Amino acid sequence: MSEREIGKAMPNDYRERFGRLLEIQRRVGQERNLARLPGLVMREVTELLNADRSTLFLLDGQTMELRACFAEGIVGKAIVVPLRMGVIGTSILRRKTVNLVDAYQHPYFNPNVDALSGYKTESMLVVPIVADDGQVLGGIELLNTPRGRFSSEDEERVKEAAQRLIAVGRIDAATSGRTIAALRETTEFDRGTVFRVDAEACQLVAVHADGADSSQISLNMKLGIAGFVAMTGEPLLIPDAHADARFDPSFDKRTGYRTRNILCVPLVGPNDDSLGVIQVINRLDGDFCAEDMALLISVAGVVAIAIENANLFNDSDRQFYSLLEALAASIDARDTLTAGHSKRVAQIALGIGRELGFAENDLEVLEVSGLLHDYGKIGIDDAVLKKEGKLDEHEFAHMKQHAALTYDILTKIKFSRKYRNVPLIASSHHETLDGSGYPRGCVVQEIPFMAKILTVADVFEALTADRHYRKGMSLGQAFDILDAGAGRKFDTRVVEALKRYLDGGGLAALGLQ
(Lines give C-alpha, C1' and ligand atoms only; values in the text may rest on other atoms or scores of the structure.)
Protein backbone atom coordinates (compact mmCIF):
# COMPACT_ATOMS: atom_id res chain seq x y z
CA MET A 1 0.00 0.00 0.00
CA SER A 2 1.42 3.41 -0.93
CA GLU A 3 1.77 6.32 1.54
CA ARG A 4 -1.16 8.05 -0.21
CA GLU A 5 -3.31 4.94 0.16
CA ILE A 6 -2.31 4.64 3.84
CA GLY A 7 -3.31 8.27 4.35
CA LYS A 8 -6.70 7.65 2.72
CA ALA A 9 -7.23 4.57 4.86
CA MET A 10 -6.65 6.50 8.11
CA PRO A 11 -9.73 7.71 10.00
CA ASN A 12 -9.98 11.50 9.92
CA ASP A 13 -9.50 11.80 13.69
CA TYR A 14 -6.35 9.64 13.61
CA ARG A 15 -4.99 11.49 10.56
CA GLU A 16 -5.49 14.80 12.36
CA ARG A 17 -3.76 13.50 15.48
CA PHE A 18 -0.88 12.11 13.45
CA GLY A 19 -0.46 15.44 11.68
CA ARG A 20 -0.44 17.30 14.98
CA LEU A 21 2.15 14.87 16.35
CA LEU A 22 4.40 15.58 13.36
CA GLU A 23 3.94 19.32 13.93
CA ILE A 24 5.00 18.91 17.58
CA GLN A 25 8.06 16.98 16.44
CA ARG A 26 8.93 19.71 13.94
CA ARG A 27 8.62 22.51 16.46
CA VAL A 28 10.41 20.73 19.26
CA GLY A 29 13.24 19.56 17.03
CA GLN A 30 14.14 23.15 16.16
CA GLU A 31 14.04 24.61 19.69
CA ARG A 32 17.12 24.81 21.94
CA ASN A 33 15.79 27.31 24.47
CA LEU A 34 14.25 25.67 27.55
CA ALA A 35 12.31 28.84 28.35
CA ARG A 36 10.39 28.69 25.05
CA LEU A 37 10.08 24.91 24.68
CA PRO A 38 7.20 24.18 27.12
CA GLY A 39 4.79 26.67 25.58
CA LEU A 40 5.50 25.34 22.09
CA VAL A 41 4.48 21.84 23.06
CA MET A 42 1.92 21.70 25.81
CA ARG A 43 -1.01 23.50 24.18
CA GLU A 44 -0.59 21.17 21.22
CA VAL A 45 -0.54 18.20 23.61
CA THR A 46 -3.79 19.34 25.22
CA GLU A 47 -5.51 19.51 21.82
CA LEU A 48 -3.88 16.30 20.62
CA LEU A 49 -5.38 14.32 23.51
CA ASN A 50 -8.64 16.32 23.73
CA ALA A 51 -7.87 17.10 27.38
CA ASP A 52 -8.79 19.94 29.69
CA ARG A 53 -5.30 20.68 31.02
CA SER A 54 -1.71 19.57 30.67
CA THR A 55 1.44 20.20 32.69
CA LEU A 56 5.13 19.81 31.89
CA PHE A 57 7.27 19.11 34.96
CA LEU A 58 11.05 19.25 34.73
CA LEU A 59 13.38 17.70 37.28
CA ASP A 60 15.72 20.10 39.09
CA GLY A 61 18.86 18.03 39.57
CA GLN A 62 20.19 20.32 42.31
CA THR A 63 17.18 20.29 44.63
CA MET A 64 15.67 16.99 43.42
CA GLU A 65 12.29 18.62 42.90
CA LEU A 66 9.82 18.42 40.04
CA ARG A 67 8.91 21.94 38.96
CA ALA A 68 6.00 22.75 36.69
CA CYS A 69 7.49 24.91 33.96
CA PHE A 70 4.17 24.98 32.07
CA ALA A 71 0.81 24.41 33.76
CA GLU A 72 -2.49 25.33 32.10
CA GLY A 73 -5.04 26.90 34.40
CA ILE A 74 -2.48 27.66 37.13
CA VAL A 75 -1.78 31.28 38.02
CA GLY A 76 0.84 32.44 40.49
CA LYS A 77 2.82 30.06 42.64
CA ALA A 78 4.55 27.23 40.78
CA ILE A 79 3.76 23.57 41.42
CA VAL A 80 6.72 21.90 43.11
CA VAL A 81 6.93 18.18 43.95
CA PRO A 82 9.83 17.29 46.32
CA LEU A 83 11.46 13.96 45.43
CA ARG A 84 14.01 13.68 48.25
CA MET A 85 13.10 10.16 49.34
CA GLY A 86 16.66 9.03 49.72
CA VAL A 87 18.45 6.27 47.85
CA ILE A 88 16.45 3.56 49.60
CA GLY A 89 13.14 5.05 48.47
CA THR A 90 14.41 5.46 44.93
CA SER A 91 15.68 1.89 44.79
CA ILE A 92 12.41 0.47 46.09
CA LEU A 93 10.17 2.49 43.79
CA ARG A 94 12.31 1.65 40.76
CA ARG A 95 12.78 -1.97 41.83
CA LYS A 96 16.51 -1.64 41.12
CA THR A 97 19.62 -2.45 43.13
CA VAL A 98 21.79 0.57 43.92
CA ASN A 99 25.51 0.16 44.71
CA LEU A 100 27.39 3.39 45.56
CA VAL A 101 30.99 4.22 46.41
CA ASP A 102 30.15 7.75 47.64
CA ALA A 103 26.53 8.20 48.72
CA TYR A 104 26.86 11.99 48.98
CA GLN A 105 27.58 12.19 45.25
CA HIS A 106 24.28 10.50 44.37
CA PRO A 107 21.50 12.99 43.51
CA TYR A 108 18.84 11.07 45.46
CA PHE A 109 20.84 10.71 48.67
CA ASN A 110 19.18 12.45 51.62
CA PRO A 111 21.78 13.42 54.27
CA ASN A 112 19.17 14.26 56.93
CA VAL A 113 19.49 10.89 58.73
CA ASP A 114 23.26 11.34 58.92
CA ALA A 115 22.76 14.86 60.26
CA LEU A 116 20.47 13.58 63.03
CA SER A 117 22.64 10.63 64.05
CA GLY A 118 26.13 12.03 63.47
CA TYR A 119 26.92 9.01 61.32
CA LYS A 120 28.80 9.42 58.02
CA THR A 121 27.53 7.31 55.12
CA GLU A 122 30.07 6.51 52.41
CA SER A 123 29.52 3.27 50.48
CA MET A 124 25.96 1.99 50.22
CA LEU A 125 24.19 -1.08 48.87
CA VAL A 126 20.39 -1.08 48.56
CA VAL A 127 18.34 -4.04 47.32
CA PRO A 128 14.53 -3.88 46.98
CA ILE A 129 12.38 -6.73 48.31
CA VAL A 130 10.02 -7.54 45.44
CA ALA A 131 7.45 -10.37 45.53
CA ASP A 132 6.91 -12.73 42.58
CA ASP A 133 3.79 -10.79 41.58
CA GLY A 134 5.83 -7.57 41.29
CA GLN A 135 4.59 -6.06 44.56
CA VAL A 136 7.31 -4.12 46.39
CA LEU A 137 7.42 -5.16 50.04
CA GLY A 138 10.45 -3.28 51.30
CA GLY A 139 14.21 -3.09 50.99
CA ILE A 140 17.57 -3.97 52.57
CA GLU A 141 20.21 -1.26 53.03
CA LEU A 142 23.87 -1.94 53.93
CA LEU A 143 26.29 0.90 54.69
CA ASN A 144 30.07 1.34 54.63
CA THR A 145 32.08 -1.65 53.58
CA PRO A 146 35.79 -1.36 54.52
CA ARG A 147 36.60 -2.38 50.93
CA GLY A 148 35.19 0.93 49.64
CA ARG A 149 32.58 -0.65 47.39
CA PHE A 150 30.24 -3.59 47.77
CA SER A 151 31.01 -6.34 45.25
CA SER A 152 28.72 -8.11 42.80
CA GLU A 153 28.93 -11.12 45.16
CA ASP A 154 27.63 -8.89 47.95
CA GLU A 155 24.72 -7.86 45.74
CA GLU A 156 23.80 -11.52 45.13
CA ARG A 157 23.99 -12.35 48.85
CA VAL A 158 21.62 -9.48 49.72
CA LYS A 159 19.23 -10.47 46.91
CA GLU A 160 19.17 -14.02 48.32
CA ALA A 161 18.45 -12.58 51.77
CA ALA A 162 15.57 -10.58 50.29
CA GLN A 163 14.15 -13.76 48.76
CA ARG A 164 14.37 -15.52 52.14
CA LEU A 165 12.35 -12.71 53.73
CA ILE A 166 9.72 -13.13 51.00
CA ALA A 167 9.64 -16.89 51.59
CA VAL A 168 9.13 -16.40 55.35
CA GLY A 169 6.19 -14.15 54.50
CA ARG A 170 6.81 -11.35 56.98
CA ILE A 171 9.14 -8.41 57.45
CA ASP A 172 9.21 -7.81 61.21
CA ALA A 173 11.91 -6.78 63.68
CA ALA A 174 12.92 -10.28 64.72
CA THR A 175 13.09 -11.76 61.21
CA SER A 176 14.87 -8.70 59.85
CA GLY A 177 17.39 -8.72 62.69
CA ARG A 178 18.27 -12.35 61.96
CA THR A 179 18.59 -11.51 58.24
CA ILE A 180 21.09 -8.72 58.92
CA ALA A 181 23.02 -10.94 61.37
CA ALA A 182 23.30 -13.68 58.71
CA LEU A 183 24.48 -11.16 56.11
CA ARG A 184 27.13 -9.89 58.52
CA GLU A 185 28.77 -13.32 58.48
CA THR A 186 29.20 -13.26 54.69
CA THR A 187 29.36 -9.55 53.82
CA GLU A 188 31.54 -6.87 55.39
CA PHE A 189 29.53 -3.78 56.34
CA ASP A 190 29.19 -1.36 59.23
CA ARG A 191 25.44 -0.95 59.52
CA GLY A 192 22.39 -2.69 58.07
CA THR A 193 18.73 -1.69 57.92
CA VAL A 194 15.60 -3.46 56.71
CA PHE A 195 12.60 -1.38 55.60
CA ARG A 196 9.06 -2.48 54.87
CA VAL A 197 6.50 -0.63 52.75
CA ASP A 198 3.48 0.65 54.67
CA ALA A 199 1.05 0.95 51.74
CA GLU A 200 -1.73 2.62 53.74
CA ALA A 201 0.50 5.35 55.14
CA CYS A 202 2.58 5.55 51.95
CA GLN A 203 5.77 5.23 53.99
CA LEU A 204 8.93 3.21 54.21
CA VAL A 205 9.30 2.08 57.83
CA ALA A 206 12.53 0.73 59.32
CA VAL A 207 11.83 -2.52 61.17
CA HIS A 208 15.49 -3.16 62.04
CA ALA A 209 18.31 -0.57 62.05
CA ASP A 210 21.82 -1.14 63.37
CA GLY A 211 22.99 1.66 65.68
CA ALA A 212 19.68 3.55 65.65
CA ASP A 213 16.15 3.47 67.02
CA SER A 214 14.29 1.90 64.08
CA SER A 215 10.98 3.31 65.33
CA GLN A 216 12.31 6.79 64.57
CA ILE A 217 13.16 6.09 60.92
CA SER A 218 10.43 6.42 58.31
CA LEU A 219 10.40 7.90 54.81
CA ASN A 220 7.40 9.48 53.14
CA MET A 221 6.56 7.91 49.76
CA LYS A 222 3.54 10.09 48.92
CA LEU A 223 4.91 11.87 45.88
CA GLY A 224 1.74 12.40 43.90
CA ILE A 225 1.21 10.98 40.43
CA ALA A 226 3.84 13.16 38.74
CA GLY A 227 6.43 12.37 41.39
CA PHE A 228 5.70 8.65 41.22
CA VAL A 229 6.10 8.60 37.43
CA ALA A 230 9.33 10.62 37.61
CA MET A 231 10.82 8.27 40.20
CA THR A 232 9.74 4.97 38.65
CA GLY A 233 9.99 5.89 34.98
CA GLU A 234 6.68 4.09 34.40
CA PRO A 235 3.71 5.76 32.62
CA LEU A 236 0.37 5.82 34.44
CA LEU A 237 -3.17 5.89 33.08
CA ILE A 238 -5.60 6.56 35.93
CA PRO A 239 -9.34 6.52 35.17
CA ASP A 240 -10.37 7.72 38.66
CA ALA A 241 -7.76 9.93 40.30
CA HIS A 242 -9.42 10.26 43.72
CA ALA A 243 -9.65 6.48 44.05
CA ASP A 244 -5.90 6.07 43.54
CA ALA A 245 -3.74 6.07 46.70
CA ARG A 246 -0.88 7.77 44.85
CA PHE A 247 -2.97 10.82 43.96
CA ASP A 248 -2.48 13.95 46.09
CA PRO A 249 -5.90 15.68 46.36
CA SER A 250 -4.55 18.80 48.08
CA PHE A 251 -4.42 20.80 44.84
CA ASP A 252 -8.07 20.05 44.07
CA LYS A 253 -9.05 21.04 47.63
CA ARG A 254 -7.09 24.26 47.36
CA THR A 255 -8.43 25.36 43.97
CA GLY A 256 -11.87 23.77 43.71
CA TYR A 257 -10.83 21.99 40.50
CA ARG A 258 -11.98 18.36 40.16
CA THR A 259 -9.44 15.95 38.70
CA ARG A 260 -11.24 12.98 37.16
CA ASN A 261 -8.70 11.09 35.08
CA ILE A 262 -4.97 11.43 34.54
CA LEU A 263 -2.48 10.35 31.90
CA CYS A 264 1.13 10.83 32.97
CA VAL A 265 4.29 9.70 31.16
CA PRO A 266 7.99 10.11 32.06
CA LEU A 267 10.57 12.13 30.17
CA VAL A 268 13.57 9.81 30.08
CA GLY A 269 17.04 10.88 28.99
CA PRO A 270 19.51 8.88 26.88
CA ASN A 271 21.17 7.43 29.98
CA ASP A 272 17.83 6.25 31.39
CA ASP A 273 17.83 9.21 33.81
CA SER A 274 14.66 11.09 34.69
CA LEU A 275 14.23 14.54 33.12
CA GLY A 276 10.63 15.12 34.23
CA VAL A 277 7.08 14.16 33.24
CA ILE A 278 4.19 15.24 31.05
CA GLN A 279 0.82 15.07 32.79
CA VAL A 280 -2.53 15.43 31.02
CA ILE A 281 -5.76 15.81 33.03
CA ASN A 282 -9.46 15.22 32.32
CA ARG A 283 -10.22 13.96 28.84
CA LEU A 284 -13.14 16.06 27.61
CA ASP A 285 -15.09 13.15 26.13
CA GLY A 286 -14.65 10.27 28.58
CA ASP A 287 -11.52 8.42 29.71
CA PHE A 288 -8.00 8.28 28.34
CA CYS A 289 -7.20 5.06 26.48
CA ALA A 290 -4.18 3.04 25.43
CA GLU A 291 -3.98 4.93 22.12
CA ASP A 292 -3.78 8.21 24.06
CA MET A 293 -0.93 6.81 26.13
CA ALA A 294 0.93 5.66 23.00
CA LEU A 295 0.59 9.14 21.48
CA LEU A 296 1.78 10.87 24.64
CA ILE A 297 4.73 8.48 24.97
CA SER A 298 5.70 9.40 21.39
CA VAL A 299 5.48 13.10 22.24
CA ALA A 300 7.46 12.54 25.45
CA GLY A 301 10.25 10.85 23.50
CA VAL A 302 10.61 13.87 21.23
CA VAL A 303 10.36 16.35 24.12
CA ALA A 304 12.94 14.40 26.16
CA ILE A 305 15.44 14.62 23.29
CA ALA A 306 14.78 18.37 22.94
CA ILE A 307 15.19 18.92 26.70
CA GLU A 308 18.41 16.90 26.76
CA ASN A 309 19.74 18.90 23.80
CA ALA A 310 18.77 22.17 25.49
CA ASN A 311 20.43 21.02 28.72
CA LEU A 312 23.57 20.11 26.79
CA PHE A 313 23.57 23.55 25.14
CA ASN A 314 23.09 25.24 28.52
CA ASP A 315 25.77 23.10 30.16
CA SER A 316 28.12 23.79 27.27
CA ASP A 317 27.49 27.54 27.55
CA ARG A 318 28.06 27.50 31.32
CA GLN A 319 31.26 25.53 30.88
CA PHE A 320 32.41 27.84 28.09
CA TYR A 321 31.80 31.03 30.07
CA SER A 322 33.33 29.62 33.25
CA LEU A 323 36.44 28.72 31.25
CA LEU A 324 36.56 32.26 29.80
CA GLU A 325 36.26 33.79 33.26
CA ALA A 326 39.03 31.49 34.49
CA LEU A 327 41.25 32.64 31.61
CA ALA A 328 40.49 36.28 32.40
CA ALA A 329 41.16 35.63 36.10
CA SER A 330 44.56 34.14 35.22
CA ILE A 331 45.54 37.59 33.91
CA ASP A 332 44.12 39.27 37.01
CA ALA A 333 46.28 36.96 39.15
CA ARG A 334 49.37 38.52 37.56
CA ASP A 335 48.46 41.95 38.93
CA THR A 336 45.96 42.36 41.77
CA LEU A 337 45.65 46.14 41.15
CA THR A 338 44.02 45.57 37.75
CA ALA A 339 42.04 42.52 38.87
CA GLY A 340 38.57 42.49 37.30
CA HIS A 341 39.58 44.79 34.41
CA SER A 342 38.60 42.31 31.68
CA LYS A 343 35.24 41.57 33.30
CA ARG A 344 34.45 45.29 33.68
CA VAL A 345 35.45 45.99 30.07
CA ALA A 346 33.10 43.20 28.95
CA GLN A 347 30.32 44.68 31.14
CA ILE A 348 30.80 48.18 29.70
CA ALA A 349 30.96 46.81 26.14
CA LEU A 350 27.66 44.95 26.71
CA GLY A 351 26.05 48.16 27.96
CA ILE A 352 27.21 50.01 24.84
CA GLY A 353 26.07 47.16 22.59
CA ARG A 354 22.58 47.19 24.11
CA GLU A 355 22.34 50.96 23.64
CA LEU A 356 23.22 50.40 19.96
CA GLY A 357 20.49 47.75 19.58
CA PHE A 358 22.72 44.68 19.22
CA ALA A 359 20.98 41.31 18.99
CA GLU A 360 21.56 38.74 21.74
CA ASN A 361 23.94 36.66 19.60
CA ASP A 362 26.07 39.72 18.85
CA LEU A 363 26.12 40.69 22.53
CA GLU A 364 27.45 37.23 23.38
CA VAL A 365 30.29 37.62 20.87
CA LEU A 366 31.03 41.07 22.27
CA GLU A 367 31.10 39.75 25.85
CA VAL A 368 33.50 36.92 24.99
CA SER A 369 35.78 39.33 23.11
CA GLY A 370 35.76 41.69 26.09
CA LEU A 371 36.65 38.95 28.56
CA LEU A 372 39.60 37.84 26.43
CA HIS A 373 40.84 41.15 25.01
CA ASP A 374 43.92 41.35 27.28
CA TYR A 375 44.82 37.69 27.34
CA GLY A 376 48.09 38.39 25.53
CA LYS A 377 49.35 40.09 28.70
CA ILE A 378 50.18 36.60 29.93
CA GLY A 379 53.30 36.98 27.77
CA ILE A 380 54.34 40.39 29.16
CA ASP A 381 57.15 40.62 31.73
CA ASP A 382 56.06 41.38 35.30
CA ALA A 383 58.62 44.19 35.51
CA VAL A 384 56.76 45.99 32.70
CA LEU A 385 53.23 44.92 33.62
CA LYS A 386 53.52 46.08 37.25
CA LYS A 387 55.89 49.03 36.84
CA GLU A 388 55.01 51.95 39.12
CA GLY A 389 55.63 54.85 36.82
CA LYS A 390 55.60 55.73 33.15
CA LEU A 391 56.95 53.12 30.73
CA ASP A 392 60.00 54.06 28.69
CA GLU A 393 60.05 53.61 24.92
CA HIS A 394 61.44 50.07 25.05
CA GLU A 395 59.03 49.00 27.78
CA PHE A 396 56.04 50.49 25.94
CA ALA A 397 57.03 48.62 22.78
CA HIS A 398 57.11 45.40 24.82
CA MET A 399 53.70 46.17 26.40
CA LYS A 400 52.17 46.78 22.96
CA GLN A 401 53.00 43.19 22.01
CA HIS A 402 50.11 41.96 24.18
CA ALA A 403 47.55 42.79 21.45
CA ALA A 404 49.34 40.63 18.86
CA LEU A 405 49.88 37.92 21.48
CA THR A 406 46.14 37.96 22.20
CA TYR A 407 45.48 37.20 18.54
CA ASP A 408 48.16 34.48 18.36
CA ILE A 409 46.86 32.71 21.47
CA LEU A 410 43.13 32.98 20.69
CA THR A 411 43.53 31.68 17.14
CA LYS A 412 44.72 28.42 18.70
CA ILE A 413 41.35 27.98 20.44
CA LYS A 414 38.75 26.05 18.42
CA PHE A 415 35.89 28.53 18.75
CA SER A 416 32.44 27.58 17.48
CA ARG A 417 31.23 29.26 14.28
CA LYS A 418 29.44 32.04 16.19
CA TYR A 419 32.67 33.07 17.94
CA ARG A 420 35.05 32.63 15.01
CA ASN A 421 35.83 36.41 14.84
CA VAL A 422 36.64 36.73 18.56
CA PRO A 423 40.45 36.58 18.04
CA LEU A 424 40.35 39.50 15.56
CA ILE A 425 37.86 41.57 17.60
CA ALA A 426 39.63 41.00 20.93
CA SER A 427 43.11 41.76 19.55
CA SER A 428 41.96 44.98 17.84
CA HIS A 429 40.98 46.87 20.99
CA HIS A 430 43.98 49.24 20.62
CA GLU A 431 43.27 50.10 16.98
CA THR A 432 42.12 53.70 16.37
CA LEU A 433 40.25 55.34 13.51
CA ASP A 434 43.27 57.43 12.39
CA GLY A 435 45.57 54.40 12.03
CA SER A 436 47.80 55.34 14.97
CA GLY A 437 46.79 52.26 16.96
CA TYR A 438 48.27 48.77 17.13
CA PRO A 439 49.03 45.93 16.40
CA ARG A 440 48.10 46.39 12.71
CA GLY A 441 47.59 50.14 12.39
CA CYS A 442 44.10 49.70 10.89
CA VAL A 443 41.90 52.65 9.96
CA VAL A 444 38.11 53.23 10.08
CA GLN A 445 36.43 50.41 8.07
CA GLU A 446 39.37 48.06 8.56
CA ILE A 447 38.56 47.89 12.27
CA PRO A 448 35.72 45.51 13.27
CA PHE A 449 32.86 47.57 14.76
CA MET A 450 32.83 45.42 17.90
CA ALA A 451 36.53 46.24 18.36
CA LYS A 452 35.63 49.96 18.23
CA ILE A 453 33.28 49.29 21.16
CA LEU A 454 36.03 47.46 23.07
CA THR A 455 38.43 50.35 22.44
CA VAL A 456 36.09 52.87 24.09
CA ALA A 457 35.16 50.46 26.92
CA ASP A 458 38.83 49.66 27.57
CA VAL A 459 39.93 53.32 27.58
CA PHE A 460 37.06 54.39 29.84
CA GLU A 461 37.71 51.57 32.34
CA ALA A 462 41.46 52.23 32.38
CA LEU A 463 41.02 55.99 32.86
CA THR A 464 38.57 55.68 35.76
CA ALA A 465 40.44 52.91 37.63
CA ASP A 466 43.56 53.11 39.78
CA ARG A 467 46.82 52.14 38.11
CA HIS A 468 50.39 51.71 39.37
CA TYR A 469 51.40 55.04 37.87
CA ARG A 470 48.31 57.17 38.83
CA LYS A 471 44.97 57.29 40.65
CA GLY A 472 41.74 56.86 38.69
CA MET A 473 40.40 59.95 36.93
CA SER A 474 37.02 61.56 37.52
CA LEU A 475 34.22 60.90 35.05
CA GLY A 476 34.56 64.43 33.71
CA GLN A 477 38.27 64.00 33.01
CA ALA A 478 37.68 60.63 31.36
CA PHE A 479 35.00 62.05 29.05
CA ASP A 480 37.17 65.04 28.18
CA ILE A 481 39.69 62.57 26.75
CA LEU A 482 37.04 60.46 24.97
CA ASP A 483 35.29 63.52 23.54
CA ALA A 484 38.60 64.95 22.30
CA GLY A 485 39.29 61.69 20.45
CA ALA A 486 35.74 61.15 19.14
CA GLY A 487 35.71 61.04 15.34
CA ARG A 488 39.50 60.92 15.22
CA LYS A 489 40.49 57.98 17.39
CA PHE A 490 37.17 56.74 18.73
CA ASP A 491 33.85 56.13 16.99
CA THR A 492 31.53 58.99 17.96
CA ARG A 493 28.43 56.74 18.01
CA VAL A 494 30.15 54.43 20.49
CA VAL A 495 31.19 57.28 22.80
CA GLU A 496 27.61 58.63 22.80
CA ALA A 497 26.21 55.13 23.48
CA LEU A 498 28.61 54.83 26.46
CA LYS A 499 27.20 58.06 27.90
CA ARG A 500 23.63 56.80 27.49
CA TYR A 501 24.52 53.50 29.15
CA LEU A 502 26.14 55.23 32.12
CA ASP A 503 23.22 57.67 32.50
CA GLY A 504 20.72 54.80 32.32
CA GLY A 505 22.11 52.88 35.30
CA GLY A 506 25.57 51.85 34.13
CA LEU A 507 27.31 54.07 36.70
CA ALA A 508 25.58 52.27 39.55
CA ALA A 509 26.23 48.85 38.00
CA LEU A 510 29.95 49.68 37.74
CA GLY A 511 30.07 51.17 41.25
CA LEU A 512 31.15 54.59 39.96
CA GLN A 513 28.49 56.74 41.64
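The structure displayed is predicted, hence computed values, not measured ones.
Residues satisfying the salt bridge (Lys or Arg N to Asp or Glu O under 4.0 Å) test with D382, not counting sequence neighbours, are R334, K386. Under the rule for a ring pair (Phe, Tyr, Trp, His ring centres under 6.0 Å), Y407 has no partner lying at least two apart in sequence or in another chain. In this structure K471 satisfies the salt bridge (Lys or Arg N to Asp or Glu O under 4.0 Å) test together with D466, sequence neighbours excluded. Take H398 and apply the ring pair (Phe, Tyr, Trp, His ring centres under 6.0 Å) test, not counting sequence neighbours, and it matches no residue. A328 meets the side-chain contact (heavy atoms from CB on, under 4.5 Å) test with S342; sequence neighbours excluded. Taking E325 as the reference, K343 meet the salt bridge (Lys or Arg N to Asp or Glu O under 4.0 Å) condition, with sequence neighbours excluded. When the side-chain contact (heavy atoms from CB on, under 4.5 Å) test is applied to T259, the partners found at least two apart in sequence or on another chain are A241, F247, D252, Y257, I262, I281, N282. Taking the salt bridge (Lys or Arg N to Asp or Glu O under 4.0 Å) definition, one finds that R149 meets it with nothing, sequence neighbours left out. Listed by chain and number, the residues in a ring pair (Phe, Tyr, Trp, His ring centres under 6.0 Å) with F449 amount to none (sequence neighbours excluded).
Here the side chains of F109 and T121 are in contact, with some heavy-atom distance below 4.5 Å. Side-chain contact between R43 and S54: absent, with no pair of heavy atoms (C-beta onward) separated by less than 4.5 Å. In this structure the side chain of L236 reaches within 4.5 angstrom of the side chain of R246, judged on heavy atoms.
For R493 and E496, the salt-bridge test fails: no basic side-chain N is under 4.0 Å from an acidic carboxylate O. Residues R354 and D362 are not paired through a salt bridge, judged by the lack of any N-O separation under 4.0 Å between the basic side chain and the carboxylate. Ionic pairing of K377 and D374 is present here: one or more N-O contacts between side-chain nitrogen and carboxylate oxygen are shorter than 4.0 angstrom.
The list of ring-ring contact (aromatic ring centres under 6.0 Å, His included) pairs with a residue in residues 475-502, not counting sequence neighbours, reads F460-F479. Note on residues 412-427: pairs passing salt bridge (Lys or Arg N to Asp or Glu O under 4.0 Å), not counting sequence neighbours, are E364-K418. Applying the salt bridge (Lys or Arg N to Asp or Glu O under 4.0 Å) test to pairs two or more places apart or on separate chains, those with a residue in residues 89-101 are R95-E234, K96-D272.
At a cut-off of 3.5 Å, with distance as the only test, a side-chain donor of H341 or H373 sits close to an acceptor on the other residue. Using modelled atom types, one finds no donor on one side chain facing an acceptor on the other under 3.5 Å when comparing S322 with Q319.
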inquiry  = If you apply the rule side-chain hydrogen bond (donor to acceptor under 3.5 Å, both in side chains), what do you find for Q477 with S474, and how did you get there?
reply    = CA-CA 5 Å; Q477 290 172 309; S474 68; 3.3 Å; yes
